[in-house]
S.K.: 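The structure is given below, and queries will be raised subsequently.
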Amino acid sequence: MSATPCDVRNVVLVGHTGAGKTTLLRHLLQVAEFLDGQPAATMPAAGNGSGSGRKGGNGRANANGRGAGGQARAGADGGAPGVGAAGGGAGASPGGEPAQRSISLVLASLCHRGLAVNLLDTPGYPDFVGELRAGLRAADAALFVISALEDIDGSTRMLWEECAAVGMPRAIAITRLDHPRADFDATLLACQETFGAGVLPVYLPEPGGAEPSRLVALLTGRVIEYSAGTRREQEPPAELTGAAGAARGALVEGIIAESEDESLLERYLGGEELDPKMLLDDLETAVARGSFYPVLPLAVPSRAAAGARGVPPGLGTVELLDLFAHAFPSPREHPLPSLTRPDGSPCPPAVGDPAGPLVAEIVRTTTDPYIGRMSLVRVFSGILRPDAAVHVSGHGRAAAGHPDHDDDERVGALSQAVGIALHSVDECAAGGICVITRLSTAETGDTLSDPADPHHLPAWTMPEPLLPVAVRAPARSDESKLSAALGRVCAEDPTLAVTQDAETGQLVLWSMGEAHCDVVLDRLRERFGVTLEKIPLRVPMRETLRGPAEGVGRLVKQSGGHGQYAICRLKVEPLPAGSGFEFVDEVVGGAVPRQFIPSVEKGVRAQLERGLEAGFPAVDLRVRLVDGKAHSVDSSDMAFQAAGGLALREAARAVGVVLLEPVLEVHVTVPDEHVGAVMSDVSARRGRVVGMAPVGNGGPEVPARTAIHAEIPAAEMTRYAVDLRSVSHGTGVFSRRPLGYEPVPDHLTARFTEKS
């Protein structure tokens with residue numbers, strides 16, 4: 001049986017690459033197994049209270065169908081196969097890719113104090129933000145993993161803002177405190193300056209030898225010592241003084257203020273000693289509101305990466321597990337996304353109740369070479385069972401290449417994570433995360449519901465892929481499999497788009513960055529047997545005339561047999577940008593027979609498509625047919641088509657051709673401190689800034705930003721997704737849309753004509 005929503009915690013681990021998220025997940029699994037193997041009388045007690053959790057910790061079966069306290073025996077030794085969305089940060093990721101690449105959302109599960117804890121490890125590299133957004137959608141709280149050796153980077157700041165916008169409860173784990181250069185106090189101060197006053201520690205590390213080995217629990221006054229693979233608490237609790245006393249006072253005041261517990265506030269102001277259990281209850285309330293952010297110090301031992309099983313806890317890891325149980329919200333406490341019917345009509349709001357209507361969402365899709373398509377699903381309401389009929393609804397993503405669809409399907413087998421492996425289960429209730437098979441049309445972001453009572457969850461916001469990379473199949477055998485393989489990869493990854501440029505004929509992959517593109521190409525080769533190679537991206541240019549000109553086209557061939565005879569005189573003049581093409585008949589006296597005038601126009605249009613000099617289509621021209629000659633026998637439709645093209649080319653040679661390049665309207669949003677660097681970069685790209693406007697109101701939750709509106713040639717924007725990340729230190733975002741065409745400077749013309 002599945003756990004009730006009150007017995008589940010869904011936590012997503014987020015942070016910059018290298019902060020230690022995957023190592024932490026691996027060690028938490030090892031610690032959970034270690035604690036499970038300890039005798040009940042000697043199991044370590046929680047540093048901030050004990051018991052079975054604040055809600056629902058009643059010893060019922062956990063999400064894996066085992067009794068409370070039963071731990072995941074899969075371990076963290078990297079031996080789990082790459083199956084579906086499990087496979088874990090310690091083993092293999094979906095599709096069989098090594099987890100150390102940190103490119104995929106990874107699900108692992110453990111049990112602590114009678115609660116099933118689902119941990120979602122997300123990639124830290126910005127290119128894989130789609131996996132990160134999926135993890136945020138599936139979770140009810142976020143743990144920000146911050147390295148004590150690194151500054152807080154721009155992408156972490158932006159992620160914090162995203163969580164703040166949706167009210168996601170958050171906590172902070174400061175890792176790598178066992179390193180000689182680690183400075184907990186400095187990192188804590190940086191977090192408070194970056195994320196706001198609600199960031200307060202619940203434990204303080206005490207230096208012990210080469211690395212911290214003792215923690216001070218600010219709510220209870222206990223000192224917790226980690227040494228020689230053991231964890232011991234000091235009894236009785238000490239009275240905190242000095243820095244610890246000041247930190248405890250700030251913590252208690254912060255909890256009371258954010259939980260808005262007036263009775264506790266009166267008792268605190270009256271000097272009464274507060275019961276730690278009451279503070280724990282208010283701590284949960286403050287965290288669940290998304291306005292209070294507890295900080296924990298951590299030192300995960302290096303042996304956590306060695307594949308051992310049942311490793312003794314590192315500094316702060318038991319306290320972190322207790323924080324999941326005592327302070328993080330259950331699925332019933334976390335608000336559900338808004339619901340509608342598939343047709344857009346409103347429907348009653350759902351709550352995280354197994355007795356409610358079935359509402360689930362596919363947060364990740366992958367394809368296993370042996371099992372087929374596998375879907376990682378978060379169940380928000382109701383109960384999902386194997387072989388059940390479901391309604392699959394996908395709407396609102398047509399612009400990204402995912403057309404709207406409503407289908408009825410039957411799910412296949414249903415599995416849930418046990419450690420980093422998948423075990424078959426009979427059901428997954430509201431609040432749970434599971435993996436299902438056999439859905440043929442469902443994509444990431446689709447909603448699953450009861451066919452008799454269909455619902456639709458709006459898909460979470462995904463960034464638009466803005467890095468174009470042209471690719472081609474070097475072998476014809478790859479081309480035959482290419483379409484199906486690209487379709488399956490796009491169904492798995494909403495941040496990937498594939499287009500076929502009608503003008504250049506190139507196949508273009510639109511990705512989040514170079515690393516993302518490389519991973520997609522590797523996936524196509526390894527999973528689908530399709531090899532693609534990168535080629536230079538061509539920008540669709542245009543041509544027009546520098547000024548008015550005249551041209552005469554002569555086709556006279558009368559050397560035996562049926563001849564070809566056509567002469568036409570054209571006057572050509574450029575038009576304002578965007579005017580298109582005009583053909584004007586000004587022939588008088590029947591110099592060109594009426595039946596051949598459309599032939600001249602047809603020939604002119606064909607020549608415009610072929611280009612006048614560099615091979616790009618010619619635009620914005622008015623062509624006037626003013627005179628010509630015909631032969632009663634040798635003139636024909638084809639002859640006058642050829643004469644029209646010859647006349648146009650002669651006019652172009654007479655006056656010269658201007659090359660036109662596409663220009664984009666670009667909107668860049670960056671923090672104020674990077675505005676100067678971005679504007680300089682725009683100028684270096686031959687762009688011009690046409691406007692600026694403030695965005696946001698400042699403050700740690702939404703720092704002051706500036707929107708820069710610019711017009712930049714498309715040829716200078718092919719790598720802007722990568723370059724903006726460098727210029728803005730990962731804090732800039734941009735959008736683009738076609739604006740029109742403008743002349744290429746003369747000194748750059750050769751750069752584009754050589755490519756053609």
Side-chain angles (χ1 to χ4, degrees), residues 126-127 129 153-155 157-158 161 463-470 501 504 508 510-517 536-544 546 576-578 614 616 619-620 657-696 698 703-756:
D127 278 16
V129 65
D153 67 298
S155 59
R157 298 168 189 254
M158 294 182 65
E161 296 172 26
E464 181 183 358
L466 292 169
L467 179 69
V469 178
D501 195 301
T504 65
V508 181
W510 291 84
S511 60
M512 300 303 301
E514 291 177 320
H516 184 206
C517 180
L537 181 71
R538 295 183 61 195
V539 177
M541 311 291 284
R542 297 287 187 270
E543 299 176 357
T544 193
R546 291 186 178 275
F616 298 110
V619 295
D620 301 330
V657 171
V658 176
L659 200 61
L660 304 176
E661 63 180 339
V663 176
L664 302 175
E665 182 180 297
V666 181
H667 303 281
V668 186
T669 303
V670 292
D672 289 351
E673 61 264 29
H674 299 302
V675 168
V678 171
M679 293 181 66
S680 297
D681 183 68
V682 169
S683 298
R685 296 174 187 275
R686 299 188 288 120
R688 53 181 178 270
V689 175
V690 297
M692 297 172 59
V695 177
R705 293 177 176 270
T706 297
I708 302 171
H709 310 295
E711 297 172 357
I712 307 175
E716 308 291 343
M717 290 290 294
T718 55
R719 287 183 48 85
Y720 194 62
V722 177
D723 297 338
L724 177 63
R725 188 179 298 162
S726 175
V727 170
S728 66
H729 300 281
T731 60
V733 295
F734 78 102
S735 62
R736 49 182 273 174
R737 70 179 186 87
L739 181 63
Y741 285 82
E742 294 185 1
V744 176
D746 290 341
H747 68 282
L748 294 178
T749 299
R751 166 184 166 189
F752 298 103
T753 54
E754 289 173 0
K755 293 181 180 180
S756 65

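Since we're looking at a predicted model, the values are computed, not measured.
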S.K.: Indicate the atoms forming the closest heavy-atom contact of Thr731 with Gly154, along with that distance.
M.R.: CG2-CA, 3.2 Å
S.K.: Checking Asp127 against Arg725 for the side chain to side chain contact (heavy atoms under 4.5 Å, CB included) test, could you report, in this order, the C-alpha distance in whole Å, the side-chain angles of both residues, the deciding distance, and whether it holds?
M.R.: CA-CA 10 Å; Asp127 278 16; Arg725 188 179 298 162; 2.5 Å; yes
S.K.: Please name all residues satisfying side-chain hydrogen bond (donor to acceptor under 3.5 Å, both in side chains) with Ser728, sequence neighbours left out, ordered by chain then number.
M.R.: none
S.K.: Could you tell me which residues satisfy salt bridge (Lys or Arg N to Asp or Glu O under 4.0 Å) with Asp153, sequence neighbours excluded, listed by chain and number?
M.R.: none
S.K.: Could you tell me which residues satisfy side chain to side chain contact (heavy atoms under 4.5 Å, CB included) with Val733, sequence neighbours excluded, listed by chain and number?
M.R.: Met158, Thr669
S.K.: Pairs in or reaching into residues 673-693: which pass ring pair (Phe, Tyr, Trp, His ring centres under 6.0 Å), with residues at least two apart or in two chains?
M.R.: His674-His729
S.K.: What's the shortest heavy-atom distance between His709 and Met692, and which atoms?
M.R.: CD2-N, 4.2 Å
S.K.: Walk me through it: do Leu537 and Val469 pass the test side chain to side chain contact (heavy atoms under 4.5 Å, CB included)?
M.R.: CA-CA 6 Å; Leu537 181 71; Val469 178; over 6 Å; no
S.K.: Does any N or O in the side chain of Ser726 come within less than 3.5 Å of the main-chain N or O of Val722, such that one atom is a donor and the other an acceptor?
M.R.: no
S.K.: Atom CG of Leu467 and atom CZ of Arg719: how far apart are they, to the nearest 0.5 Å?
M.R.: 7.0 Å
S.K.: Name all residues meeting the side-chain hydrogen bond (donor to acceptor under 3.5 Å, both in side chains) criterion together with Arg685; count only those two or more places apart in sequence or in a different chain, and write none if there are none.
M.R.: Asp681, Asp723
S.K.: Of all the heavy-atom pairs spanning Val695 and Ala707, show the shortest one and how long it is.
M.R.: CG2-CB, 3.7 Å
S.K.: With sequence neighbours left out, write down each residue that passes side-chain hydrogen bond (donor to acceptor under 3.5 Å, both in side chains) with Thr706, or none if nothing qualifies.
M.R.: Asp672
S.K.: List the atom of Pro540, the atom of Pro662, and the distance in Å for their closest heavy-atom pair.
M.R.: O-CD, 3.4 Å
S.K.: If the condition is ring pair (Phe, Tyr, Trp, His ring centres under 6.0 Å), which residues does Tyr741 pass it with, not counting sequence neighbours?
M.R.: none
S.K.: Of all residues at least two apart in sequence or in a different chain, which pass the salt bridge (Lys or Arg N to Asp or Glu O under 4.0 Å) check with Asp620?
M.R.: none
S.K.: Any side-chain heavy-atom pair from Leu466 and Tyr720 closer than 4.5 angstrom?
M.R.: no
S.K.: Is it true that Glu716 and Arg736 make a salt bridge, defined as a side-chain N closer than 4.0 Å to a carboxylate O?
M.R.: no
S.K.: Only counting residues at least two apart or in another chain, list the ones meeting side-chain hydrogen bond (donor to acceptor under 3.5 Å, both in side chains) with Glu742.
M.R.: Arg688
S.K.: Might you point out which heavy atoms bring Ala715 and Arg751 nearest each other, and give the distance in Å?
M.R.: O-NH2, 4.1 Å
S.K.: Quick one: salt bridge (Lys or Arg N to Asp or Glu O under 4.0 Å) partners of Glu543, sequence neighbours excluded?
M.R.: none
S.K.: Just how far is it from atom CE of Met679 to atom CD1 of Ile708, taken to the nearest 0.5 Å?
M.R.: 6.0 Å
S.K.: Which residue pairs satisfy the salt bridge (Lys or Arg N to Asp or Glu O under 4.0 Å) criterion with at least one member in residues 659-668, sequence neighbours excluded?
M.R.: Glu661-Arg686, Glu665-Arg737
S.K.: For Val619, enumerate each residue passing the side chain to side chain contact (heavy atoms under 4.5 Å, CB included) test, keeping only those at least two apart in sequence or located in another chain.
M.R.: Arg542, Leu660
S.K.: If every non-hydrogen atom of Gly732 is compared with every non-hydrogen atom of Val670, which pair is closest and at what distance?
M.R.: CA-CG1, 3.6 Å
